[in-house]
Amino acid sequence: MTIDLLWSVLHLTALLGALGLVALTGRAVARWLRLPLVIGEILVGLCAGPALLALLGGPGFDRLLPDHLAVPLARVGEAGLVLFLVGVVHGLRHGPAGPANRALGRVSAGVFLLPLLTGLLFAGWVLWLGPPGLAGTAPLPALLVMLPVAMSVTAVPVLACVIDERGPGLGRAAPLALMSAILLDTVAWLLLAVALGLAAGGLWGVAGAFAALAVGLLLAHGGRRALARPRITAAAARRPTAAAVLLGGLALLAATGAHGAGLTAVLGAFLAGVMVPHDPDGPWTRAVAVVARVGRVLLPVFFVGTGITLFTESAGSLPWSATLLCTALAIVGKVGGGYLGALWAGEDRRTALRVGVLVNTRGLTEIVVLQVGWAAGILTPGLFLAMLVMALVTTVLTGPLLSLIDHHAASREPLVRTGGVP
């Protein structure tokens with residue numbers, strides 16, 4: 001090993017350690033503000049790179065993060081995202097027992113259809129009334145699919161954390177919101193493949209994307225049957241570390257294959273999560289947990305890399321009109337859709353309002369979808385920034401809005417108990 005190579009390895013290791021401190025800072029900020037921990041990591045991670053660039057200047061920042069280390073650091077961040085999403089997808093497939101199909105179907109319809117409509121309204125504004133250059137040069141069909149998809153997703157991992165923190169006080173709103181989010185995020189990933197195919201080659205691109213996805217699903221099915229064999233399951237139980245390494249390697253291989261097929265590496269993580277057998281207390285579920293924890297540790301690298309690239313490639317100005325409109329439509333779509341869907345399912349107004357507020361949690365899933373759209377050239381930097389702010393604002397609002405609903409309910413209870421007399 002040469003001196004230059006050794007120095008590069010030490011430099012990269014030091015950068016990863018510094019990013020670990022960034023993650024700890026973000027978590028501390030989130031605890032102080034009583035927000036989900038991942039939101040603090042996202043905020044601090046996205047701001048860390050641009051802040052250092054402004055503080056050190058171009059030459060100083062280049063010495064801190066030279067070009068020959070920027071690429072491997074970005075690959076580490078992407079690998080962390082893929083590994084983390086394996087655990088997310090595995091959880092989506094095997095969520096808790098939910099409400100009746102009829103109630104779930106009606107809630108899901110409201111949670112999905114109204115956000116799709118508000119997404120189309122936002123797309124129309126971007127194309128014909130928005131600032132010049134905001135829409136970019138992406139094919140029109142790709143943008144018309146991408147924006148509604150981005151407005152309709154819910155961050156299932158963050159939502160699950162919020163439900164866990166709030167406990168049983170959420171009542172039926174918790175399973176209704178969680179199960180509808182699990183169902184609809186799966187549909188959103190498929191629509192994301194459509195948007196990528198339209199951006200790559202129109203209808204032929206969509207056909208190619210779904211052909212690649214179908215091949216991936218067949219391979220995932222075959223891999224799942226292989227991993228479920230008793231001898232392989234027993235070997236995984238005897239060697240849990242080797243099982244986790246194997247699973248992580250398969251996930252990264254699937255991500256590389258998906259990227260090579262013209263799709264996003266995120267879909268590789270989706271396929272790897274589908275491949276893992278369902279055994280709640282079995283060795284493969286434990287291996288998924290290990291893989292997801294490794295990815296969770298590396299996620300700040302992804303956030304910092306995204307922040308550096310975005311804020312250095314864009315003009316650095318936030319399109320305020322697009323941001324305000326996007327945020328308002330996103331809240332109307334999700335809160336309104338969840339509320340109307342739950343009322344249609346026969347829930348009371350308080351439960352319906354809680355459902356709407358819960359599914360308005362976008363968090364990490366939204367940011368991943370936006371990053372995919374930006375990397376594919378569908379979203380301009382201005383649109384990415386506007387929708388990134390929307391994702392953060394809607395997620396941050398979840399806790400305060402739930403507390404406001406609880407406070408209003410508590411203030412009315414004495415009136416109900418006394419027959420309306422204070």
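One is the number of the first residue; the rest follow in order along the sequence. What you see below is based on every heavy atom in this structure, not just the backbone, and it leaves out hydrogens, waters and symmetry mates. Just so it is clear, the model here is predicted, and its values are computed rather than measured.
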Taking every heavy atom of P175 against every heavy atom of G171, the minimum-distance pair comes out as CD-O, 3.4 Å
Which atom pair, heavy atoms only, marks the closest approach of G338 to V355?
-> O-CG1, 3.9 Å
What's the shortest heavy-atom distance between L191 and F112, and which atoms?
-> CD1-CZ, 3.8 Å
Can you see which heavy atom on V107 is nearest to which on A345, and at what distance?
-> CG2-CB, 4.1 Å
Spacing of Q371 atom CD and L388 atom CG [to the nearest 0.5 Å] | 11.0 Å
Under 3.5 Å, which donor-acceptor pairs do the side chains of residues 139-153 form with other protein atoms, sequence neighbours left out?
| from | atom 1 | to | atom 2 | distance (Å) |
| --- | --- | --- | --- | --- |
| S152 | OG | P148 | O | 3.2 |
| S152 | OG | V149 | O | 3.0 |

Who are the salt bridge (Lys or Arg N to Asp or Glu O under 4.0 Å) partners of R75, not counting sequence neighbours?
-> E78
From CZ (R354) to CG (D348), nearest 0.5 Å = 8.0 Å
To the nearest 0.5 Å, how far apart are CG in L129 and CZ in F122?
-> 11.5 Å
With sequence neighbours excluded, residues passing salt bridge (Lys or Arg N to Asp or Glu O under 4.0 Å) with E366 = none
What residue pairs, at least two apart or across chains, pass salt bridge (charged side-chain N to carboxylate O under 4.0 Å, His left out) with a residue in residues 142-159?
-> none
Expected output: side-chain T327 to main-chain L324 donor-acceptor under 3.5 Å | no
Where at least one partner belongs to residues 23-33, residue pairs that pass salt bridge (charged side-chain N to carboxylate O under 4.0 Å, His left out), sequence neighbours excluded = R27-E41
With sequence neighbours excluded, residues passing side chain to side chain contact (heavy atoms under 4.5 Å, CB included) with A79 | L252
E347 and L176: side-chain contact (heavy atoms from CB on, under 4.5 Å), yes or no, with the steps?
-> CA-CA 10 Å; E347 302 296 329; L176 280 170; 3.8 Å; yes
For A376, the side chain to side chain contact (heavy atoms under 4.5 Å, CB included) test, sequence neighbours excluded, returns L196, I378
Pair M390-T323, side-chain contact (heavy atoms from CB on, under 4.5 Å): steps then yes or no | CA-CA 7 Å; M390 176 272 290; T323 303; 6.0 Å; no
How many angstroms lie between CG in L247 and CG in L227, if you round to the nearest 0.5 Å?
-> 7.5 Å
Nearest-0.5 Å distance that lies between atom CG in L178 and atom CG in L358 = 9.0 Å
Residue set satisfying side-chain hydrogen bond (donor to acceptor under 3.5 Å, both in side chains) with S108, at least two apart, ordered chain then number -> none
How long is the span from the CE atom in M275 to the CG atom in L219, to the nearest 0.5 Å?
-> 10.0 Å
Write out all pairs satisfying side chain to side chain donor-acceptor pair (under 3.5 Å) with one or both partners inside residues 331-343, taking only residues at least two apart or from two chains.
-> T154-K334
Atom of T394, atom of N360 and distance for their closest heavy-atom approach = CB-O, 3.4 Å
Can you sort out the partners of T285 under side-chain hydrogen bond (donor to acceptor under 3.5 Å, both in side chains), two or more places apart, ordered by chain and number?
-> D279
With L134 via side chain to side chain contact (heavy atoms under 4.5 Å, CB included) - residues at least two apart = W125, V126, P131, P319, A322, T380, L383
What one should report as the nearest heavy-atom pair of A244 and V291 is O-CG2, 3.4 Å
L246: side chain to side chain contact (heavy atoms under 4.5 Å, CB included) partners, not counting sequence neighbours = L250, W284
